[in-house]
Amino acid sequence: MRLSRYFLPTLKETPSEAQIASHRLMLRAGMVRQGAAGIYSWLPLGLKVLKNIESIVREEQDRAGAIELLMPTIQSADLWIESGRYDDYGKEMLRIEDRHDRKMLFGPTNEELVTDIFRREIKSYKDLPKNLYHIQWKFRDEIRPRFGVMRGREFLMKDAYSFDLDAENAVKSYNAMFVAYLRTFARLGVKAIPMRADTGPIGGDLSHEFIVVADTGESEVFFDKGFEDFDPLSVDSGLGDDLQPVVDQWTSLYAATEEMHDPDAPEAGGADIVKGRGIEVGHIFFFGEKYSKPMKAEVQGPDGKPVPVQMGSYGIGVSRLVGAIIEASHDEHGIIWPEAIAPYKVGLMNLATKDADCTAACDKIYADLRSQGVEVLYDDRNTGAGAKFSDMDLIGLPWQVALGNRGFKNGVVELKNRATGDREEVAIADIAARFAG
RNA sequence: CGGGAAGUGGCGCAGUCUGGUAGCGCACUACACUGGGGGUGUAGGGGUCGCAGGUUCAAAUCCUGUCUUCCCGACCA
């Protein structure tokens, strides 16, 4: 993409409403603009990151055997009345009426709707297990939205729902998601630590939160230093494998959020327990018959008798992750994207746009990179070099390639790694090949 | 929902106390210079000061109401 034709409104100064790093940087980097409190438009650069995260989340869900569908954002109140949550959910649920005065709502989550879909179609234990998920916008009318996309009212969430015949199999489904989550966050380039969690209003018996550790995190967390060394990607997880040992390994070390932390517990006091701040990016629950019973989501068992299915739900805050990753990965100059989700891999800067030869050389690098399938943002604007460097640092692409008169004379570009700051000179003729494969 | 703060051009702000017809920086437009870390000059365009009432000869400024946004707390992906 040529920057001169792109839509990337970067800001030199931070809008006054933004306080924390991710919010400031997302506004300055031209990723989002606010529509109302907690409601954002995603501009092209932000959308690219959101889509990249979404793709990785989707790949890992599919890999773990979950099946994608798409449920609507607007739901009928009927199912929520049936489950009993229409009254329980309170003012956080945005309620509306259609032209026929029917009660509708903007979905804050989808247990009811997915349970209804399940119960209409699945009648036999032979069709289990099932895990259905979608990636869809949710709306929760938060009392106090804040921190940009980290606590928005409208947010993109991946939510999966598992259905099993009995608790034993439901735990297998739970474990599959547990491992899929570890893999997902690792692939996104962030360290997320699973912590035993309070089940909250969704209810249930078994629950873990996945917490990204960042200094600006909103809640206090306590965890064993041993988590630093775990590599989730070393674990292979096919559907049906017994993942209990993996889960056991990951839950053997102490980790707890503030509300679950018990300073008096023997395992909580060790020298390896560190205190930090964290951002919740995922939350998984096993809640058994909580919805299947009142909503009569039953299958016939081998003995021909109807049994309510055992359910779990599994959420990842996709839009929140954009903010959370920035919180965990930025410096005073701007964002530092992990390569897996960066909006572009390479930022190419022509520092001498008035020089026909230099421009031709840049154009060729741009064409070569694109023909190799490398995503490249090409700053071909007629601005000073300083503005280009600053913008490039701000938007945080992993690799910067700069070519100006000085380099052109010597036949070299400057290649900079955004994360490490390391620079090296590479021959103009060789630079495209550096990104091959 | 309790506590606190703020709304003045696209962004950041001054002006409000002490009422007199709106200003600065950045951004934007044109031209010239410049071109390796947000450069320089000249000339421009853009704001009924969140909104509605009120006081006054006169309101960004004083009074009342209202909307919006942000921060702290209790709640949440």
Side-chain angles (χ1 to χ4, degrees), chain A residues 9-20 23-24 27-28 30 33-39 57 89-93 107-110 135-160 181 192 197-202 207 209-212 218-219 257 259 279-285 313-324 333-334 349-355 358-359 379 381-394 400-410 412-414 416 421 423 425:
Chain A
T10 57
L11 302 173
K12 210 161 167 181
E13 288 176 292
T14 305
S16 58
E17 77 263 18
Q19 298 299 320
I20 64 162
H23 192 194
R24 289 199 305 260
L27 289 171
R28 288 194 51 211
R33 288 294 182 262
Q34 187 178 71
I39 300 176
V57 169
Y89 222 95
K91 301 196 79 169
E92 208 169 291
M93 186 156 74
T109 180
N110 284 69
I135 300 173
Q136 177 64 290
W137 292 91
K138 307 293 190 292
F139 194 94
R140 295 184 190 173
D141 200 359
E142 295 274 348
I143 301 168
R144 189 187 156 208
R146 61 186 130 166
F147 304 147
V149 300
M150 297 247 286
R151 180 176 313 287
R153 290 193 291 174
E154 190 180 50
F155 57 94
L156 187 62
M157 182 163 100
K158 186 286 301 181
D159 41 325
Y181 273 37
D198 200 0
T199 51
I202 294 184
S207 177
E209 290 179 19
F210 291 77
I211 304 282
V212 169
E218 46 189 328
S219 52
T257 56
E259 57 268 21
I279 302 160
E280 181 184 354
V281 292
H283 203 156
I284 61 178
F285 304 86
S313 77
Y314 315 90
I316 290 179
V318 176
S319 51
R320 170 181 283 188
L321 266 165
V322 179
H333 301 296
M349 288 173 273
N350 179 1
L351 304 180
T353 48
K354 295 279 172 64
D355 183 308
C358 183
T359 298
D379 192 346
R381 297 173 300 174
N382 284 323
T383 55
K388 289 178 183 169
F389 284 116
S390 296
D391 270 344
M392 209 51 91
D393 282 347
L394 176 63
Q400 297 176 9
V401 173
L403 181 58
N405 278 323
R406 201 174 76 193
F408 185 73
K409 277 181 199 130
N410 299 322
V412 294
V413 299
E414 182 182 274
K416 177 175 139 182
R423 301 155 198 244
E425 294 195 331

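Atom set for the values below is all heavy atoms of this structure, side chains included, hydrogens, waters and symmetry mates excluded. In the text below, chain A, chain B and the rest are named by the order of the sequence lines, each starting its count at 1.
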* To do: Could you pull out all residues at least two apart from A:Pro145 that satisfy side chain to side chain contact (heavy atoms under 4.5 Å, CB included)?
  => A:Ala37, A:Glu142, A:Arg153
* Asked: Listed by chain and number, what are the side chain to side chain contact (heavy atoms under 4.5 Å, CB included) partners of A:Leu11, not counting sequence neighbours?
  -> A:Pro15, A:Arg28, A:Arg33
* To do: Answer with base, sugar-phosphate or nothing: what part of the nucleic acid does A:Val281 contact at a heavy-atom distance below 4.0 Å?
  => sugar-phosphate
* **Contacts of A:Ser16 that satisfy side-chain hydrogen bond (donor to acceptor under 3.5 Å, both in side chains) - sequence neighbours left out** => none
Expressed as a whole number of angstroms, how long is the span from [X]:[atom1] to [N]:[atom2]?
X: A:Glu17; N: B:C13; atom1: CD; atom2: C1'; answer: 15 Å
X: A:Arg406; N: B:G35; atom1: CZ; atom2: C1'; answer: 12 Å
X: A:Glu280; N: B:A77; atom1: CD; atom2: C1'; answer: 6 Å
X: A:Ile135; N: B:A77; atom1: CD1; atom2: C1'; answer: 13 Å
X: A:Glu142; N: B:C72; atom1: CD; atom2: C1'; answer: 16 Å
X: A:His23; N: B:C11; atom1: NE2; atom2: C1'; answer: 14 Å

Side-chain N or O of [X] less than 4.0 angstrom from OP1 or OP2 on [N]?
X: A:Gln34; N: B:U68; result: no
X: A:Arg144; N: B:C75; result: no
X: A:Ser390; N: B:G37; result: no

Taking atom [atom1] in both [N] and [M], what distance in whole Å separates the two?
N: B:C67; M: B:U56; atom1: C1'; answer: 26 Å
N: B:U8; M: B:C49; atom1: C1'; answer: 4 Å
N: B:U29; M: B:C70; atom1: C1'; answer: 34 Å
N: B:G47; M: B:G9; atom1: P; answer: 11 Å
N: B:G65; M: B:G44; atom1: C1'; answer: 41 Å
N: B:A22; M: B:U40; atom1: P; answer: 30 Å
N: B:A59; M: B:G20; atom1: P; answer: 11 Å

* Rounded to the nearest 0.5 Å, what's the gap from OG1 on A:Thr359 to NZ on A:Lys354? Could you check? => 10.0 Å
Protein-nucleotides 26-33 of chain B N/O pairs closer than 3.5 Å?
none

* Only counting residues at least two apart or in another chain, list the ones meeting ring pair (Phe, Tyr, Trp, His ring centres under 6.0 Å) with A:Phe139. => A:Phe106
* What pairs with A:Phe210 under ring pair (Phe, Tyr, Trp, His ring centres under 6.0 Å), at least two apart in sequence or on another chain? -> A:Phe178, A:Tyr181, A:Phe185
* Taking 4.0 angstrom as the limit, do A:Asp393 and A:Lys416 come out as a salt bridge? -> yes
* To do: Measure from the ring centre of A:Phe155 to the centre of the six-membered ring in the base of B:A77, then say whether that distance is under 5.5 Å and the planes meet at under 30°.
  => yes
Which pairs, protein N/O on one side and nucleotides 3-10 of chain B N/O on the other, fall under 3.5 Å?
none

* Structure fact -> By salt bridge (Lys or Arg N to Asp or Glu O under 4.0 Å), A:Glu414 pairs with (sequence neighbours left out) A:Arg423
* With a 3.5 Å cut-off and just heavy-atom distances, do the side chain of A:Asp393 and the base of B:G37 make a donor-acceptor pair? -> yes
Show me the donor-acceptor pairs, under 3.5 Å and distance only, between side chains in residues 382-389 of chain A and residues at least two apart or in other chains.
| residue | atom | partner | partner atom | Å |
| --- | --- | --- | --- | --- |
| A:Asn382 | OD1 | A:Thr353 | OG1 | 2.8 |
| A:Lys388 | NZ | A:Asn350 | O | 2.5 |
| A:Lys388 | NZ | A:Arg381 | O | 2.7 |

